[in-house]
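Structure record follows, encoded as structure tokens.
Atoms considered below: every heavy atom in the structure, side chains included; atoms not considered: hydrogens, waters and symmetry mates. If you read the sequence from its start, that first residue is 1, and numbering goes on from there.
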Amino acid sequence: MTDERSQLRTTFNQVALLYDQVRPGYPEAIFDDVVSLSKITPDGRILEIGCGTGQATVPFARRGYPILCIELGENLATVAQKNLAAYPQVEVRNIAFEDWVPQENAFDLVISATAFHWLDPSIAYKKTALALTSEGAIALFWNEHVYSDASNGFFEEVVRFVV
């Protein structure tokens, strides 16, 4: 991974609270679609790669799924733990996905919301496949960034840390 990419990958951790406040969420329909298309059963286990502050985690947690969240950023993981405190079936681990040792065949669904592109593809796909059961599925989804007054200066603040 290039130094620039590595630096960019950790930028959001430096503004975790702001990220949590202004980062756009995801439409509820996407979670219904992921559940339906993946055919995950009500007792299926989910692995989330790069949970950030838990914005995509909460909708799956509300549905009762046990979730293991892997989050590189310590500040992001702390905010995620707070946001997910009401869901005892969710665990947030503060570790780089590349350093995490997967439980083989342990997960029925792997999700990654606006995070998978930060991973080294030579590691990410193989490790994800190892973690999934033979009938498991992967769901990768993300937002397109639109700069507007509604972002409350989020992107400008992040850029300050990158430059």
Side-chain angles (χ1 to χ4, degrees), residues 8-145 154 158:
L8 287 171
R9 168 179 155 156
T10 61
T11 300
F12 297 114
N13 186 58
Q14 298 171 40
V15 289
L17 291 175
L18 181 61
Y19 180 97
D20 189 50
Q21 292 170 357
V22 300
R23 177 80 178 191
Y26 304 92
E28 196 64 28
I30 198 165
F31 305 105
D32 294 334
D33 288 347
V34 168
V35 168
S36 174
L37 293 169
S38 71
K39 298 183 170 100
I40 188 169
T41 61
D43 61 340
R45 292 185 68 209
I46 297 175
L47 170 65
E48 182 174 12
I49 302 168
C51 72
T53 62
Q55 289 180 322
T57 319
V58 170
F60 289 105
R62 276 197 315 257
R63 288 166 171 80
Y65 291 105
I67 306 168
L68 173 60
C69 303
I70 305 298
E71 175 50 54
L72 171 68
E74 182 180 0
N75 297 330
L76 291 168
T78 298
V79 175
Q81 288 167 338
K82 179 182 172 197
N83 290 342
L84 296 160
Y87 305 100
Q89 77 278 20
V90 177
E91 177 186 357
V92 178
R93 289 193 193 160
N94 179 214
I95 187 170
F97 182 70
E98 293 85 351
D99 297 333
W100 174 70
V101 177
Q103 301 165 288
E104 292 187 29
N105 303 309
F107 298 94
D108 302 289
L109 175 62
V110 172
I111 62 171
S112 188
T114 318
F116 203 79
H117 65 284
W118 293 114
L119 302 175
D120 180 342
S122 68
I123 297 171
Y125 289 102
K126 183 177 180 180
K127 196 174 273 198
T128 298
L130 282 172
L132 281 168
T133 64
S134 61
E135 299 295 316
I138 184 171
L140 308 176
F141 49 98
W142 51 92
N143 285 319
E144 284 291 320
H145 301 297
F154 172 76
V158 169

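In this structure, the separation between SG on C51 and CZ on R93 is 12.0 Å, given to the nearest 0.5 Å. Note that CD of E98 is 12.5 Å distant from CH2 of W118, once rounded to the nearest 0.5 Å. Atom NE2 of H117 and atom CH2 of W142 lie 9.5 Å apart (nearest 0.5 Å). The distance from the CZ atom of F116 to the CZ atom of F97 is 6.5 Å, given to the nearest 0.5 Å. Distance CZ/R62 to OG1/T57: 11.0 Å, rounded to 0.5 Å. The distance from atom OG1 of T53 to atom CG of N75, rounded to the nearest 0.5 Å, is 12.0 Å.
Of the possible donor and acceptor atoms, one in the side chain of Q89 sits under 3.5 Å from a partner among the backbone N and O of A61. With hydrogens and angles disregarded, no donor-acceptor distance shorter than 3.5 Å links the side chain of D108 to the backbone of L132. Of the possible polar contacts, one joining the E71 side chain to the G52 backbone as a donor-acceptor pair under 3.5 Å is found. Counting only distance, with no hydrogens or angles, the side chain of S112 and the backbone of I49 share a donor-acceptor pair below 3.5 Å. Proximity of a side-chain donor or acceptor of K127 to a complementary backbone N or O of W100 within less than 3.5 Å is detected. Remark: side-chain polar atoms of Q55 are not paired, donor with acceptor, to backbone N or O of G25 under 3.5 angstrom. Listed for the T128 side chain is a donor-acceptor partner under 3.5 Å among the backbone atoms of A124.
Taking both residues in full, the closest heavy atoms of G50 and A115 are given as O-CB, 3.7 Å, listed atom of the first, atom of the second, then distance. Between P66 and D43, the shortest heavy-atom distance links the atoms CG-O, 4.4 Å. Residues I70 and A96 share a closest heavy-atom pair of CG2-C, 4.3 Å. Closest non-hydrogen pair, N94 versus A77, comes out as CB-CB, 4.0 Å.
Within 6.0 Å of atom CD in E135, 12 or fewer heavy atoms from other residues, nucleotides or ligands are found, so the atom counts as exposed in its surroundings.
The side-chain contact (heavy atoms from CB on, under 4.5 Å) test with I67 is passed by exactly one of V58, L47, L84, I46: I46.
Looking at D120 and K126, no side-chain N of the basic residue comes within less than 4.0 Å of a carboxylate O on the acidic one, giving no salt bridge.
Residues Y125 and L119 form no side-chain contact, since every pair of their non-hydrogen atoms from C-beta on lies 4.5 Å or further apart. Y65 has its side chain out of reach of L109: every pair of non-hydrogen atoms, C-beta onward, lies at least 4.5 Å apart.
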> Going through the distances and angles, do V90 and F60 end up as a side chain to side chain contact (heavy atoms under 4.5 Å, CB included)?
Replying inline: CA-CA 10 Å; V90 177; F60 289 105; over 6 Å; no
